[in-house]
Amino acid sequence: MPDITREEVAHLADLARIDLSDAELDHLAPQLAVILDSIKSISEVAADDVPPTSHALPLTNVFREDVVRPGLTAEQALSGAPQVEQQRFSVPRILGEL
Amino acid sequence: MTAVSVMSYDDALAAFDPVLGLEVHVELNTASKMFCGCPTEFGAEPNTQVCPVCLGLPGAMPVVNAKAIESAMRIGLALNCDIAQWCRFARKNYFYPDMPKNFQTSQYDEPIAFEGYTDVEVEGQTFRIEVERAHMEEDTGKSMHVGTSGRIHGADYSLVDYNRAGIPLIEIVTKPIEGIGDKAPLVAKAYVAHLRDLLLGLGVSDVRMEQGSLRCDVNLSLRPHGQVKLGTRTETKNVNSLRSVERAVRYEIGRQAALLTEGTAIIQETRHWQEDAGVTTSGRLKSDADDYRYFPEPDLVPIAPSREWVEQLKSALPEPPSVRRTRLQEAWGFSDLEMRDTVGAGAMTLVEQTVSEGATPAAARKWWLSDLARRANEAGVDLLSLDVTPADVARVQALVDEGKINDKIARQVFDGVLAGEGTPDEVVTARGLAVVSDEGALSEAVDRAIEANPGVADKIRDGKLAAAGALIGAVMKEMRGQADAGRVRELILTKLS
Amino acid sequence: MSDLTRRTAAELADALASGETTSVEVTSAHLDRIAGVDHDLHSFLHVDAEGAISAARESDARRSAGKPASALDGVPIAVKDILTTIGMPTTCGSRILEGWVPPYDATVVSRLKAAGLPILGKTNMDEFAMGSSTEHSAYGPTHNPWDLDRIPGGSGGGSAAAVSSFEAPLAIGTDTGGSIRQPGAVTGTVGVKPTFGGVSRYGLVALANSLDQAGPVARTILDAALLHEVIGGHDPLDSTSIDQPLPPLVEAAREGTRQGAARDLSGLRIGVVKELGGDGYQAGVRARFDESVQLLVDAGASVVEVSCPHFVHALAAYYLILPSEASSNLAKFDAMRYGLRVWPEGIESPSAEEVMRASRDAGFGDEVKRRIILGTYALSSGYYDAYYGQAQKVRTLISRDFDAAFEQADVLVSPTAPTTAFKIGEKVDDPVSMYLNDIATIPANLAGVPGLSLPSGLADEDGLPTGFQILAPAMADDRLYRVGAALEAMLIHAWGGPLLARAPELAQKESVR
């Protein structure tokens, strides 16, 4: 049953890379619990043999030809960047290699 | 770095049974990216081959590259896989600055190809490697770490180039490879070499490991002999050559064996192969990173390749490597051992290409497996990565056959070609390596040698023809090797007869 | 010529074609109107007067050369700030994209430009389209022109308010769970959600990719049809776009108007959806709805009650699917390539991770954070099957309900929203109560079928607009326009003029342009 705890919310915020303050956590957790409670009925609705719908339209096999098309200039690509160096996006130090 | 204890290989194998899992990523050689029309050329100026789609700009949407689908299916078919009747792309969600969307569009539980196999030969023994799946995904951007060492640890900040982001990748995953015993490192290497040959034959990738168009992650676990349950595995990345594959497997076996023997559990983690040090080091511990929260990519529609299309691709596949190998061995007249050595050195395609450039199979094999293999070994790279082409090799042999140079000088020619001095002909000219064919000059040199070595000359006059060797040596020395030794001998014997 | 702002887009198009006026005059008139009233309404986040006039001049030049780019060439339009526009900021109502100027146009925007419509500016919206009131905009709410203390609906409140207040004759909105239709209902305007895939999503910043659609916001059905034909149709840059031509929508609208005027709707089968009405719907809303149904019946249509039993689970399915897809879509806002970058306090040399977390915390509002957390939860291992997986199955059941209902009826009808415009601040702290505003509109998004809302009158208890929703089978958008136009004709006749004529006059600031 979706009794979502403050700790779980903190963990989810972590997964989502959002730095929630204590106040935010206190505020959010009960709201999420209420929302989850209101939607919990969903798990009892569909029988096992009902297929899921991931796409509303029954389209398949939409491709494009392997042809080069003009894209953005480096200037355009970097135009919104908070910081640029050597025509690259400058980002703060990355903690660890994946 | 603190010393890590590593058990000797033989001891490790005596106690444990290695199980391998190999994940190979292949960068396809399509003209455009997986989901957009940006070019895929290697080496362009940073961030000049990007668009809203591969840059992950808000609002951008992917469209699948038809050629990538075709290549994926051909790879699957070449690996004897089933091709999905219907499959989807899925989002693999995780955060990393080289991933513009912070999810990778990949395939999860519906790969386009699955349940295949391929046979590799190691020292006369055939191993059937089962392929679990081959699926499509996209590559990430590239980060440059700025700091004192240029490595990620201790970097001050990083600079990201997204030219590579979105290039099509095919990931090929094997099922656990068991029962390989002490051949594990060679099996791993042979599998990757074999895959590379296969992919070259299909023409779907450049498969240059040192350029990153073929990448291998090695999964390894050990279990005590007789145990059925698999041990904890580690995944080793940054394995950038065939040589590294073999060495990394060998090292990891030793490292894990040492830990297990002293009663320490293996941590399930990602490790990095350090080529210079010849060790694996611990990477970042995977904690929640494993919860990728996969779900079907809603911006793409399912792929449902018709059976007609699959059949058409299947029938147009190039001959399987084993068939090709048999055919080539016969055509070249190699013995089993000679062929095995050729394949083992990763030189089969190179020899084939050299032969098509005009060399004899024996000459091609001679150069690739001896002098060039030695150079590759010294440089710590694969044969394919050497900066000398089959055409170059064929030309060098042709120059020897023409008498323009000899075998010894040929090595200097290769020095020049590898140093980037030009084609074999250009190197011969620039370095002045041509064998002296001027009879007059040769004759004079022979005269000088005879004069300088009267005792030897007498022996020859007396019929001890073997003594000619010393005089030949003297002439060759004076000519700095640039003489045809056979002609020198003839001249000596003529003059002293 | 101040009455230029009171004309419909079709009327303006005629006036431009006949030479009665110019696009510069029309566009200027609307820019004046915006300058005069937007201070109270806050429909716009960005007004591009220079760009709009420049485009208007080009339009006039084309017309002088006898080469108008389209039927709507020169008619100005406002665009919801969720579609990318070169040279104009695209904030999606969020701080995290404050000042971000895209380097590319959305396909919808390209088509508007190619058709010659000058773009007046970008309209306000709930942050990342998450909301039903436009109160979740990081830049402050938009106010309903009918009552400035009330919400204009959401998430596309800005576009609806702009059209409702005569700041623009047309606007583009987007609808994921009702964000075009519900604002239409509470502002007395027309809003259409096309069949999923009918209008390109390339350049539409994604909320829920499998539910989002861009669509027309207008004051009349014909105007909406004209705009729909400009923006709709296959786009090779959108893999989910329908690869077939649009049905003839303008023709359907004109046909509907004729049928309405002639009171001839014989043969038309109307299905009233049992689950989209009843308790929970404001009395005045239901009264206006019933009257509209009666009008259709009086004109010869037959009506049948249909039951779509799984619609009661639509809200739950929606609030699982949307946050799941959104949580993934919004991951790209990480301060590395564009958008807000915030350095966390008290950390000497922060890592990329730390900057990401701080930026996202500072840049996203509460509702967005709620939904991201919810979505992350629903997709996480161990929960996928129970939540996201189940919701996708409920979608199938809802689609089947629609299929069955469309066997019995040509179109389905319901009130668009359960209430009229509520007061600003009334529901903003009660998420579940806010979500209920979409209860009638959500099923269409889940199934991908098209829906339209047109004004059905004012509620007795508060004198505020109510909306009538029409739903049609996938790809049958023309039915919406035909039936909608017919009803519109009959209603306007009954009212003695358009509903918006009864909207209160807005205080006009002295022109500062």
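By convention in this document, chain letters (A, B, ...) are assigned in the order of the sequence lines, proteins followed by strands, and residues within each chain are numbered from 1.
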| When only pairs under 4.5 Å are counted, which of L300(B), L57(B), D156(B) shares the most heavy-atom pairs with chain C? | L57(B)
| Where do P58(B) and F333(C) come nearest, in terms of heavy atoms and distance? | CG-CE2, 3.6 Å
| said: Let's test your reading of the structure: which of Y104(C), Y383(C), Y384(C) forms the most heavy-atom pairs below 4.5 Å with chain B? | reply: Y104(C)
| note | Whatever's closer than 4.5 Å to a heavy atom in chain B on T84(C) counts as side chain
| Among the listed options K101(B), R91(B), M99(B), the residue most often paired with chain C at heavy-atom distances under 4.5 Å | R91(B)
| remark: Here the gap from M336(C) atom CE to N102(B) atom CG, rounded to the nearest 0.5 Å, amounts to 9.0 Å
| Quick one: does R293(B)'s side chain get under 4.5 Å of T376(C)'s, heavy atoms only? | yes
| request: Taking all non-hydrogen atoms of both residues into account, name the closest pair between S380(C) and D291(B) and its distance. | output: CB-OD2, 3.3 Å
| note | What one should report as the nearest heavy-atom pair of A352(C) and P97(B) is CB-CG, 4.2 Å
| Measuring from Y294(B):OH to L379(C):CG, what's the distance to the nearest 0.5 Å? | 13.0 Å
| query | Of the non-hydrogen atoms in F295(B) and Y388(C), which two are nearest, and what is the gap between them? | reply | CD1-OH, 3.6 Å
| request: Could you tell me which portion of P103(C) (side chain, backbone, both or neither) has an atom closer than 4.5 angstrom to a non-hydrogen atom of chain B? | output: side chain
| note | Minimal heavy-atom distance between Y162(B) and R337(C), with the atoms involved, is OH-NH1, 2.9 Å
| field | Winner by heavy-atom pair count (cut-off under 4.5 Å) against chain B, out of S210(C), S328(C), S351(C), G203(C) | value | S328(C)
| field | Which atom of A60(B) lies closest to which atom of Y202(C), heavy atoms considered | value | CA-CE1, 4.1 Å
| message | Are there over 12 heavy-atom neighbours, none belonging to Y108(B), within less than 6.0 Å of that residue's OH? | response | no
| query | Can you check whether P62(B)'s main-chain N or O pairs, donor with acceptor, with S239(C)'s side chain at less than 3.5 Å? | reply | yes
| task | Tell me, with the steps shown, if M61(B) and L204(C) meet side-chain contact (heavy atoms from CB on, under 4.5 Å). | result | CA-CA 9 Å; M61(B) 293 181 72; L204(C) 164 51; over 6 Å; no
